[in-house]
Amino acid sequence: MQVMASRRMTGLGLLLLLCGCFVLAASLSDTVFYESFDEDFEGRWVVSQNSEYGGTWKHAKSEGHDDYGLLVSEKAKKYGIAVDLPEKVDPKDGALVLQYDLRLQSGLECGGAYLKFLQPQEAGWTANDFNNESPYSIMFGPDKCGATNKVHFIFRHKNPVTGKYVEHHLKNPPVPAGDKLSHVYTAIIYPNNTLRILIDGEEKKTADLLSDEFEPTVIPAKTIADPEDKKPEDWDDRAKISDPDATKPDDWDEDAPREIEDEEAEKPEGWLDDEPDEVDDPEAVKPEDWDDEEDGEWEPPKISNPKCEEAPGCGEWKRPMKKNPAFKGKWKAPMIDNPAYQGIWAPKQIPNPEYFELEKPNLEAVAAIGIEIWTMQDGILFDNILVAHDEANAEEYRKKTWEPKHAVEEEKEAAEAKKSEDKPEKAGLDSIKGKVFEALNKVSEIPFLAKYKEQIDDVLDKAEKNSNVTLGVLATIPVLLVTMLLSFCFGKKKTPSTGTTGATKKEDTVTADDVSGAKEEQVEEEEQEQAGEIEKEGVSARRRPRRET
C-alpha cells in the first residue's frame, strides 16, 4: 500500500511539474520582446548616426539599485536609438500590450520620455539614420515642456481612400508621474478597439480607438464644406445695425469732462496750509570731516513733518474730484434689428471624398522599437521594455521587476522625509548656512577685496565641507568684512585741497585678518581716492553737487 501511495504521489508531482512548465511556456510564448538591460545594449540596439542626434546613451545602474537601464546622460541633446523585434507584430491579430519602466532621476522640466513602436524598415527608414521622420505605428509615453504635460498615445492610420497617413492623438490623456521614483507605463489595445493606459498598474484612461476621444477621429466626417462655394458679395449677416433715423439730442454735450471738482467739499478744520510735508532732520549733524569745497554745501536730510501727522493735512488744500453728472461721452445711435439680415452665411455641405467606413482601425504592424527624444534633462532611465499579447504577462513583469524597486525607493523617500521632520532645526540651519555662504561668495568678488579673494575663497570652501569650522566662519567672516569696510571708509582723513596738482595726501593702511593668518597690506592710492566718495556709515546726509574749483 505504501509503495502504491508513493507511486501516486510521484505521478501527481510530475503532473504538477508538467502543468507548471506548460504555464511557463505559454507565458513566454505571449512575450514577443523583453529588454531588461541586464547586459550592455551595444550589439543589440543601434544608436542613430544621424547628425542631429548627438546625445550619449549609457548602460547605467538605477540610483540606489544594482538594476541596470538605458540612460540619457547629457542635457539639452537629441537622442536616437532603435532595436528590431524578433518578429513582426500585427495589432490586428489580437491584444497588444506595450510596457516599460521609466525613472526621471533628475526630474523632467522640458523633454520627452516616450517610445516609438516602428513600422518595418520597408516603410522607408534605417536604424543607422533613425530620426523624427522614421514611420511609426504607435507612440506612447510621457512628454513634458511648457504647457504640455501628458502621457502621449498616438497612432498613425492609413486612409484607405487617399492612401495618406494621419496621426490620431488621444484627447485628455493622463498626466505622468512627476517625482524621481521608478514608474511603469502600460498601454493595452484590445481586439474590440478599446485602449487602456495604466500607470504603476492602475488604470488611468480608457478610450475607443474609433471614437471622438481621438483628434482627429479615424473615420472622417461624411460631409464637408464645399471649397468652391463662396459667400455672395451682397450677403448681409449683421443681426443689428445703428438706427439710421436716430439723431443726437440738442442737449448732448460730448465735451463734458468725466470728473469735476466737488464744490460742496470744505477744507478740514485744522489743515496746515503753511506747513511743508517734509522738514530738515533736527537731529542730523554735519560730519566732522565734511569738506564744503570738495563735498559741496552740506544739507541735513529731510524727515516727515511731525506736525502733519497730527493734523488732517499740510500744504495747499485742493477740492477733491467727483463724477460729473453731466458726462455722457461720445454720442452713438442706438442699435436696432437689421431688416436686411440674412443669417450667418456658411458654405454648403458636399459628400466628403475622403470618407470611409470600417469596424476596426488598420493599425500598422510593429517591427522595431525606437527612442527618439529631445530633452533638457539628463538622468532619464528606460528599463524593462515589454511587447506582449497577454496583459497578465505584463502584470507578472510589473510584480517581478518594478514593484521591488519602487518599494525600496518609496521606503528611502519616507525615511528621508522623516529625518527632515525629526530635525527641522538642522534643516533650517542648513538653509540659512547655504544663503550666508552664497552671500559671502558674492562679497568676495568686491573689487577692493581682490587681494584677499584667494584666501577668502579657500576658507569658505573648507568651511562648507567641514561642519566643525562652519559656525566659526559664519560668525567670523561677516564681522571681518564689516571691519574691513569701516576701516577702508574711515581709515584716512582728507587733506584740504590746495588747488594744485601736486597736493599730497596722508597714506593710510587697512589691516585685514583673512582667517587663515594675519596679513597687513597697504591700500593703494586709487582705493583711497574712491574712499572719499563713500558715504560714511551711520551718517545720514545729502550732498549738493560739487562746486567747480
Side-chain angles (χ1 to χ4, degrees), residues 147 238-338 435 438-439 442-443 446-447 478 482 485-486 488-490 494 496-497 529-549:
R238 298 172 300 161
K240 297 280 186 179
I241 59 172
S242 298
D243 186 353
D245 298 325
T247 57
K248 183 173 71 174
D250 294 336
D251 61 347
W252 191 287
D253 185 0
E254 292 184 338
D255 298 325
R258 185 181 296 274
E259 290 185 333
I260 58 174
E261 284 188 355
D262 185 359
E263 298 294 339
E264 298 178 357
E266 296 182 358
K267 182 168 65 176
E269 186 177 350
W271 189 280
L272 306 177
D273 297 84
D274 300 326
E275 288 290 340
D277 291 331
E278 292 184 336
V279 294
D280 291 343
D281 184 356
E283 297 182 3
V285 179
K286 180 179 179 180
E288 295 181 2
D289 64 343
W290 190 280
D291 190 320
D292 288 342
E293 284 201 27
E294 287 195 17
D295 300 325
E297 183 180 347
W298 181 81
E299 288 183 351
K302 295 288 187 181
I303 61 171
S304 297
N305 190 343
K307 295 181 180 179
C308 297
E309 296 178 2
E310 300 174 359
C314 291
E316 181 184 358
W317 180 81
K318 293 182 179 179
R319 285 191 173 86
M321 302 298 286
K322 70 172 186 177
K323 268 186 171 183
N324 182 5
F327 173 75
K328 295 184 178 180
K330 192 75 175 176
W331 181 83
K332 293 181 180 179
M335 303 298 287
I336 61 170
D337 292 336
N338 180 6
K435 292 178 181 179
E438 182 181 356
K442 291 180 180 179
V443 168
I446 296 176
V482 170
L485 180 62
L486 292 176
F488 178 73
C489 294
F490 294 102
K494 290 193 284 288
S497 173
E529 290 180 359
Q530 292 175 3
E533 298 296 326
I534 297 177
E535 191 169 311
K536 307 303 183 291
E537 184 173 332
V539 178
S540 178
R542 296 184 301 146
R543 292 189 172 110
R544 290 180 177 174
R546 291 191 176 187
R547 300 172 181 172
E548 295 182 2
T549 57

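Just so you know, these numbers use all the heavy atoms, side chains as well, and skip hydrogens, waters and symmetry mates.
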J.: Where is the tightest heavy-atom contact between P276 and C308, given as atom of each residue plus distance?
T.: O-SG, 3.4 Å
J.: If I take atom CG from residue D255 and atom NZ from residue K330, how far apart are they, to the nearest 0.5 angstrom?
T.: 8.5 Å
J.: To the nearest 0.5 Å, what is the distance between CD on E310 and CG on N305?
T.: 9.5 Å
J.: Nearest heavy-atom pair of R238 and N338: which atoms, and what distance?
T.: O-ND2, 2.7 Å
J.: Is K302 salt-bridged to D281, cutoff N-O under 4.0 Å?
T.: no
J.: For side-chain contact (heavy atoms from CB on, under 4.5 Å), just list the numbers for E309 and S304, CA-CA rounded to whole Å, side-chain angles, deciding distance to a tenth of an Å, and then say yes or no.
T.: CA-CA 8 Å; E309 296 178 2; S304 297; 4.0 Å; yes
J.: Looking only at heavy atoms, what is the nearest atom pair of A284 and P301, with distance?
T.: CB-CD, 3.5 Å
J.: Would the distance check show the side chain of W252 and the main-chain N or O of G329 forming a donor-acceptor pair, the cut-off being under 3.5 Å?
T.: yes
J.: Do you know the tightest heavy-atom contact between W317 and D273?
T.: N-OD2, 4.3 Å
J.: Between K286 and D295, is there a side-chain N and carboxylate O pair less than 4.0 Å apart?
T.: no
J.: If I take atom NZ from residue K307 and atom CG from residue D274, how far apart are they, to the nearest 0.5 angstrom?
T.: 10.5 Å
J.: Nearest 0.5 Å, what's the CE-CD1 distance between M335 and I241?
T.: 7.5 Å
J.: Could you report the tightest heavy-atom contact between K322 and E261, atom names first, then the distance?
T.: CE-O, 4.3 Å
J.: Distance check, rounded to the nearest 0.5 Å: C314 atom SG versus L272 atom CG?
T.: 4.5 Å
J.: Keeping the roles fixed (side chain from D243, backbone from I336), state whether a donor-acceptor pair exists under 3.5 Å.
T.: no
J.: Under 6.0 Å from the CD atom of E269, do we count more than 12 heavy atoms belonging to anything else shown?
T.: no
J.: Give me the atom names and distance for the closest heavy-atom approach of V279 to P306.
T.: CG2-CD, 4.2 Å
J.: I need the E278 CD to I303 CD1 distance, nearest 0.5 Å.
T.: 9.0 Å
J.: Looking at E316, is its backbone amide N or carbonyl O close enough to the side chain of W271 to form a donor-acceptor pair, meaning the two atoms are under 3.5 Å apart?
T.: no
